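Below is one structure, written out as structure tokens; comments come after it.
Both ligands and their constituent atoms are indexed starting at 1 by order of listing. What you are looking at is a predicted structure, and each value in this text was computed from that prediction instead of being measured.
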Amino acid sequence: MTAELLNGKEIAKDYRAGLAAGVEELKEKGITPNLTVVIAGNDGASLSYVRSKNRAAEKIGMASDIVQLDENISEQTLLDKIRALNNDDAVSGILVQVPLPEQISEEKVLETIAPHKDVDGFSPVNIGRMYTGQRTFIPCTPLGIMELLKHTGAVEGKDAAVIGRSQIVGQPVAKLLTDQNATVTLMHSRTRELTAKLADFDVIVSAAGAPGLIKAEHIKDGAIVIDVGNTMVDDKLQGDVDFDAAKEKAGWITPVPGGVGPMTITMVLNNTLLAAKWHNGME
Ligand code: NAP
């Protein structure tokens with residue numbers, strides 16, 4: 001069979017149109033959602049990622065600021081800057097671009113961002129809220145993956161393999177799939193005979209960052225394959241899945257690039273809109 005393409009670019013475009021309408025509604029009430037992105041240093045790739053978030057926010061009518069700090073900034077000064085943004089009523093959501101310079105602890109940064117502005121959903125408070133089922137910001141890549149999966153029908157009752165157990169992708173995806181009543185197996189680099197096991201699964205979410213890991217023969221006929229992997233090989237972005245062959249076996253499949261990537265930034269915008277709504281007492 002030839003898989004249906006889960007085209008993240010198209011799905012993200014439709015989703016952002018809905019967000020733009022939500023931003024417009026807030027603006028009519030005199031509220032302008034604002035996404036503020038903090039970056040320390042001049043790393044080219046990080047700056048371009050920050051600018052693309054900024055542009056995406058402005059494109060749907062949000063305000064967006066970039067706070068660019070010197071790469072030699074002290075940890076104390078950076079934390080003070082975050083505290084000032086926490087107290088600034090004009091700022092709805094705060095993102096701090098990683099990697100951070102080595103003198104700055106990422107853990108301290110995440111503990112300092114006010115949970116109600118932590119639109120990445122990475123602060124310990126928000127991670128705890130997610131695992132205890134309380135209202136919070138779901139981390140953006142996992143949330144984007146769940147949105148892509150909605151286009152394939154319900155995952156309830158399906159057997160799902162999640163490859164990768166990081167705090168930012170694999171583990172939250174496993175939790176969200178479980179919440180949707182899938183039966184989840186979380187795999188990682190110590191999983192024995194990983195690829196041979198994959199043939200049992202209706203859904204595969206691969207977030208290993210290991211190009212060529214999953215080949216067509218590992219996939220069950222008609223399975224849903226979400227490739228989160230994003231590895232630069234010879235100046236080309238590669239996923240974990242051998243896309244060209246796998247699309248002849250899978251039922252649904254994401255391309256790389258153009259699959260999960262566009263959904264991640266979209267969910268940053270989604271969470272910023274939610275932050276503005278919640279801060280103003282709306283659901
Ligand atoms: P990470 O923190 O490095 O975690 C990778 C996970 O994959 C680890 O749990 C590791 O196992 C497992 N793993 C690595 N190689 C493996 C292999 N050959 N077989 C089985 N498991 C393997 O990475 P991450 O931050 O979660 O990101 C994962 C990938 O997703 C990367 O390519 C990243 O660029 C991409 N990503 C994409 C987006 C997007 O928006 N498109 C967003 C975030 C991340 P151990 O725990 O045993 O080491």
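- Ranked by closest heavy atom to atom 23 (O) of ligand 1, the top entry among Gly8, Ser166, Pro211 is Ser166.
- Remark: minimum distance from atom 6 (C) of ligand 1 to any protein heavy atom is reached at Gly164 CA, 3.5 Å.
- Under 4.0 Å from ligand 1, heavy atoms of Asn230 appear from its side chain as well as its backbone.
- Using a 4.0 Å threshold on non-hydrogen atoms, atom 3 (O) of ligand 1 does not count as touching the protein.
- Taking every non-hydrogen atom of Ile168 and a distance limit under 4.0 Å, the qualifying atoms of ligand 1 come out as 25 (O).
- Neither the backbone nor the side chain of Thr191 comes within contact range of ligand 1; no heavy atom lies under 4.0 Å.
- Evaluated for a side-chain contact (heavy atoms from CB on, under 4.5 Å) with Val38, the options Ile66, Leu78, Val50 yield exactly one hit, Leu78.
- A heavy-atom distance below 4.5 Å is not found between the side chains of Phe243 and Val256.
- In the model, Asn54 has a side-chain atom that pairs as donor or acceptor with a side-chain atom of Ser64 under 3.5 Å.
- In Thr141, the part holding a heavy atom less than 4.0 Å from any atom of ligand 1 is the side chain.
- The shortest contact between atom 47 (O) of ligand 1 and any protein heavy atom is with Ser189 OG, 2.5 Å.
- The pair Glu111-Lys108 does not count as a salt bridge, with every side-chain nitrogen at least 4.0 angstrom from each carboxylate oxygen.
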| task | Check the pair Arg55 / Glu58 against salt bridge (charged side-chain N to carboxylate O under 4.0 Å, His left out), numbers first and verdict last. | result | CA-CA 5 Å; Arg55 270 197 308 273; Glu58 288 180 348; over 6 Å; no
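- For atom 28 (C) of ligand 1, the nearest protein heavy atom (residue, atom name, distance) is Ala207 O, 3.3 Å.
- Contact annotation: the side chain of Met282 approaches that of Ile31 to within less than 4.5 Å [non-hydrogen atoms, C-beta and beyond].
- Residue-ligand proximity, Thr264 to ligand 1, at heavy-atom distances under 4.0 Å covers atoms 39 (C), 40 (O).
- Looking at heavy atoms from C-beta onward, Thr272 lies out of side-chain contact with Leu95 at the 4.5 angstrom threshold.
- Enclosure of atom CD in Gln134 by more than 12 non-hydrogen atoms of other residues, nucleotides or ligands within 6.0 angstrom is indicated.
- Using 4.0 Å as the threshold, Gly170 has no heavy atom nearer than that to any atom of ligand 1.
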